[in-house]
Engineer: 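One structure, pasted below without further comment.
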Amino acid sequence: MKIQLKLNGQVTSATLANNRTAREFAAMLPLSITMHDLFEREKFGALPAAISGKGTRTQYCEAGDIICWSPGPDVAIFYRSAAQPIRGAHHHLGRLDFGVEAFEAPGPLEVIIDLAPGAMAACRQQIAMPEEPEISAFGRP
């Protein structure tokens with residue numbers, strides 16, 4: 001499922017992962033989030049509610065990854081790859097298709113996240129899909 005992110009007069013797109021956590025995130029859209037810098041590698045901001053924490057977990061992130069910290073209600077977008085595994089599991093929501101450099105801007109950013117045009121019907125279908133077992137990045141449910 002495709003989403004759009006608008007910041008600093010630019011529009012970029014991302015592809016959400018096909019997992020429960022990403023569907024929960026998509027159900028919150030549209031969102032306007034103030035994203036702050038963390039460790040000069042990612043921008044993060046608060047979601048209106050926590051995501052269930054039953055999605056695909058990983059400890060590795062690359063530039064362009066969109067994740068949700070667990071159990072907190074924060075979403076993060078990495079603009080630089082993490083040099084080492086990150087302590088505390090997080091959930092993979094998706095990946096920017098292009099425009100990761102826009103998130104390197106200093107200071108807080110106002111980001112509007114919404115479904116891409118034409119994605120609404122696909123979102124409704126995916127949110128209504130029956131639950132599939134979630135598999136962690138380590139291959140265990």
Engineer: Could you give the distance from CZ (Arg41) to OG (Ser81), rounded to the nearest 0.5 Å?
Structural biologist: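 Separation between the atoms: 10.5 Å.
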Engineer: Rounded to the nearest 0.5 Å, what's the gap from NE2 on His90 to CD1 on Ile51? Could you check?
Structural biologist: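 It comes to 13.0 Å.
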Engineer: Please step through side-chain contact (heavy atoms from CB on, under 4.5 Å) for the pair Val75 and Trp69, ending with a clear verdict.
Structural biologist: CA-CA 6 Å; Val75 64; Trp69 290 104; over 6 Å; no
Engineer: Determine, step by step, whether Ser13 and Lys2 satisfy the side chain to side chain donor-acceptor pair (under 3.5 Å) criterion, reporting the C-alpha distance in whole Å, the side-chain angles of both residues, the deciding distance to 0.1 Å, and the verdict.
Structural biologist: CA-CA 7 Å; Ser13 69; Lys2 294 286 189 180; 5.0 Å; no
Engineer: Does Glu110 form a side chain to side chain donor-acceptor pair (under 3.5 Å) with Thr34? I'd like the steps, not just the answer.
Structural biologist: CA-CA 5 Å; Glu110 294 300 320; Thr34 301; 2.6 Å; yes
Engineer: Among residues at least two apart in sequence or on other chains, which ones pass side chain to side chain contact (heavy atoms under 4.5 Å, CB included) with Pro106?
Structural biologist: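 Checked Pro106 against side chain to side chain contact (heavy atoms under 4.5 Å, CB included); zero matches.
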Engineer: So which heavy atom on Ile66 is nearest to which on Ala14, and how close?
Structural biologist: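 Between these two residues, the closest heavy atoms are CD1-CB, 3.6 Å.
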Engineer: Starting at CG of Leu38, measure out to CZ of Phe44 and round the result to the nearest 0.5 Å.
Structural biologist: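 These two atoms lie 5.5 Å from each other.
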Engineer: Is it the case that Ser52 and Glu24 place a side-chain donor and acceptor less than 3.5 Å from each other?
Structural biologist: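 Glu24 and Ser52 do have a side-chain donor-acceptor pair below 3.5 Å.
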Engineer: Mind running side-chain contact (heavy atoms from CB on, under 4.5 Å) on Asp74 and Leu47 for me, showing each step along the way?
Structural biologist: CA-CA 5 Å; Asp74 289 332; Leu47 293 171; over 6 Å; no
Engineer: Rounded to the nearest 0.5 Å, what separation is found between the CG atom of Leu29 and the CD1 atom of Ile112?
Structural biologist: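 Reported value, rounded in 0.5 Å steps: 12.0 Å.
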Engineer: Do Asp37 and Tyr79 have a side chain donor and acceptor closer than 3.5 Å?
Structural biologist: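 On atom types as modelled, these side chains qualify, holding a pair under 3.5 Å.
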Engineer: Can you name the closest pair of heavy atoms from Ala76 and Glu42 and give their distance?
Structural biologist: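 Residues Ala76 and Glu42, closest heavy atoms: CB-OE2, 3.5 Å.
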Engineer: Where the side chain of Arg80 meets the backbone of Glu40, is there a donor-acceptor pair that is under 3.5 Å apart?
Structural biologist: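 Flag set: sc Arg80 to bb Glu40 pair under 3.5 Å.
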Engineer: Taking all atoms of both residues into account, what is the closest heavy-atom pair of Asp65 and Tyr60, and its distance?
Structural biologist: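 Closest approach of Asp65 to Tyr60: OD2-O, 4.3 Å.
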Engineer: List the steps, then state whether side chain to side chain donor-acceptor pair (under 3.5 Å) holds for Asp97 with Thr12.
Structural biologist: CA-CA 7 Å; Asp97 298 326; Thr12 187; over 6 Å; no
Engineer: Give the C-alpha distance, both sets of side-chain angles, the deciding distance and a yes or no for side-chain contact (heavy atoms from CB on, under 4.5 Å) between Lys43 and Val111.
Structural biologist: CA-CA 10 Å; Lys43 295 285 189 192; Val111 181; over 6 Å; no
Engineer: Does a side-chain heavy-atom distance below 4.5 Å link Ile67 with Leu93?
Structural biologist: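 No, side chains not in contact.
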Engineer: Between atom CD1 of Ile33 and atom CE of Met28, what is the distance when rounded to the nearest 0.5 Å?
Structural biologist: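 Answer for the CD1-CE pair, Ile33 versus Met28, is 9.0 Å.
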Engineer: Any chance you could lay out the side-chain contact (heavy atoms from CB on, under 4.5 Å) test for Arg95 and Glu62, step after step, and finish with the verdict?
Structural biologist: CA-CA 9 Å; Arg95 184 159 178 78; Glu62 296 179 357; 3.9 Å; yes
Engineer: How close do Ala102 and Leu109 get, heavy atom to heavy atom, and via which atoms?
Structural biologist: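 It is O-CD1, 3.9 Å.
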Engineer: Do Lys6 and Asp114 meet the salt-bridge criterion of a basic N to acidic O distance under 4.0 Å?
Structural biologist: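 Lys6 and Asp114: not salt-bridged.
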Engineer: CD of Glu101 to CD of Gln10: how many Å apart, nearest 0.5 Å?
Structural biologist: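 The distance works out to 7.0 Å.
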Engineer: Within the 4.5 Å heavy-atom criterion, are Val100 and Phe78 side-chain neighbours or not?
Structural biologist: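 No, side chains not in contact.
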